[in-house]
Amino acid sequence: MTDHVLIIADIEGSSGCWSRAAALYRTTAWAEACVEMSRDINAVVRTLAEAGVRHIRVKDFHRTAYNLLPELIDPQAEIIHGYRRRPVAGLGEPGPPAALLMLGLHAASDTPGFLAHTLTSRIRRLTVNGEVWPELPFFAGLLGPYGHRPVFFSGCPVACAQAETFVPGIGCWALDKSAGPGSVDLVRWRRDLAAAAVRALDDNEIPPLVIPGPFRSEVAWRAGRRAAARLARRWRLPVEEDRLFVEASDLPDLFRQLIRICYLTPLAEKVLPLSLALFNLRGRLGLRWVRRQEHTST
Ligand SMILES: [Zn+2]
């Protein structure tokens, strides 16, 4: 059994997120989704620990990266909030080679999955070397060189199908949200999710995902051609209609450039440690707000 597990946790595919509002910041639906997402992660962590996994790290990776409530999660797991600049952009320290579990994820922009988007819903469609990319190849591809093996994925059925095209044989556990929250026995789903995650650890066939460059990415901007032109001027990128073109020699470079387009301004980039500190502070305040909501609703 693998002794090290790294979980990347998102909210869209988790069991408490059933609307766009639940994926936003400081909405009542989001506060509830944070609680259920934490319970999903707890179920997986406990089952992994019972199976003998000793080192479990959980990277919160939705919006502010402060969604998980550690008090609801077995303390055997280390919960990592917030974004970091390096060594892996956003994720920070990759840690020792681990089995990588991606939980609560979603399908790629411009595909029919539940709350489908890649990086941000402001991107209408994102292709890399001609292929529509979800977030899996970024996460698994950035962590591949550090020895992490992407063995398990959970999200809507469309997201799971996309995961299988990038990592043939990856263990998947889908949550179909098409018929609404009343349509699924969520207690049972969560238990089965945890069991499926543990089963996937036995799969020693899946190697780390290493995606060699160079890359050419097309980023179609939902707000249209004027917004795309503004971004193109800001970052000195070629543009055609609503599409920006990004060239990168390797995956870390591509990811950094895309993050910059989606989330930064040149000034914010110049003072990135400060920008990140402020962003992470906003995340902490949001999570404090979630706890207060919980308090007042019970
Ligand atoms: Zn998310």
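Atoms considered below: every heavy atom in the structure, side chains included; atoms not considered: hydrogens, waters and symmetry mates.
A donor-acceptor distance shorter than 3.5 angstrom exists from the side chain of Asp40 to the backbone of Ser15, with no hydrogens or angles considered. Put simply, the side chain of Thr265 gets close to the backbone of Ala268: a donor and an acceptor are under 3.5 Å apart. Of the possible polar contacts, none joining the Arg216 side chain to the Val246 backbone as a donor-acceptor pair under 3.5 Å is found. The closest donor-acceptor contact from the side chain of Arg222 to the backbone of Ser121 lies under 3.5 Å. Proximity of a side-chain donor or acceptor of Thr47 to a complementary backbone N or O of Ala195 within less than 3.5 Å is not detected. Remark: side-chain polar atoms of Arg149 are paired, donor with acceptor, to backbone N or O of Ile206 under 3.5 angstrom. A donor-acceptor pair is defined here as one N or O able to donate and one able to accept, closer than 3.5 Å; such a pair exists between the side chain of Arg122 and the backbone of Cys262. Glu247 places no side-chain N or O within 3.5 Å of a backbone atom of Phe215 that could act as its donor or acceptor partner. Judged by distance alone, the side chain of Glu135 and the main-chain N or O of Leu119 form a donor-acceptor pair under 3.5 Å.
Ion pair Arg86/Glu93 not flagged as a salt bridge, since none of the NZ, NE, NH1 or NH2 atoms sits closer than 4.0 Å to an Asp/Glu carboxylate oxygen.
When hydrophobic side chains of Ile, Leu, Val, Met, Phe, Trp and Tyr are connected at separations under 4.5 Å, Leu274 ends up clustered with Val271, Leu278. Here Leu115 is tied into one hydrophobic group with Phe114, each link being a pair of ILVMFWY side chains closer than 4.5 Å.
The side-chain heavy atoms of Leu24 and Arg63, taken from C-beta on, include a pair separated by under 4.5 Å.
Here the shortest heavy-atom pairing between Leu48 and Leu201 reads CD2-CD1, 3.5 Å.
Contacts classified as ring pair (Phe, Tyr, Trp, His ring centres under 6.0 Å) and involving residues 28-65 (residues at least two apart or in different chains) are given here: His4-His55, Tyr25-Trp30, Phe61-Tyr83, Phe61-Phe139.
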Would you mind writing out the side-chain donor-acceptor pairs for residues 225-233 within the sub-3.5 Å range, not counting sequence neighbours?
none

Compile the donor-acceptor pairs under 3.5 Å between side chains in residues 158-170 and protein atoms, sequence neighbours left out, one pair per line.
from: Gln162; atom 1: OE1; to: Ala108; atom 2: N; distance (Å): 2.9
from: Gln162; atom 1: NE2; to: Thr111; atom 2: OG1; distance (Å): 3.1
from: Thr165; atom 1: OG1; to: Gln162; atom 2: O; distance (Å): 2.7

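Taking Glu240 as the reference, Arg243 meet the salt bridge (charged side-chain N to carboxylate O under 4.0 Å, His left out) condition, with sequence neighbours excluded.
Linking Ile, Leu, Val, Met, Phe, Trp and Tyr residues whenever their side-chain heavy atoms come within less than 4.5 Å places Val88 and Leu272 in a single cluster.
Annotation: Glu205, atom CD; neighbour count of heavy atoms from other residues, nucleotides and ligands within 6.0 Å does not exceed 12.
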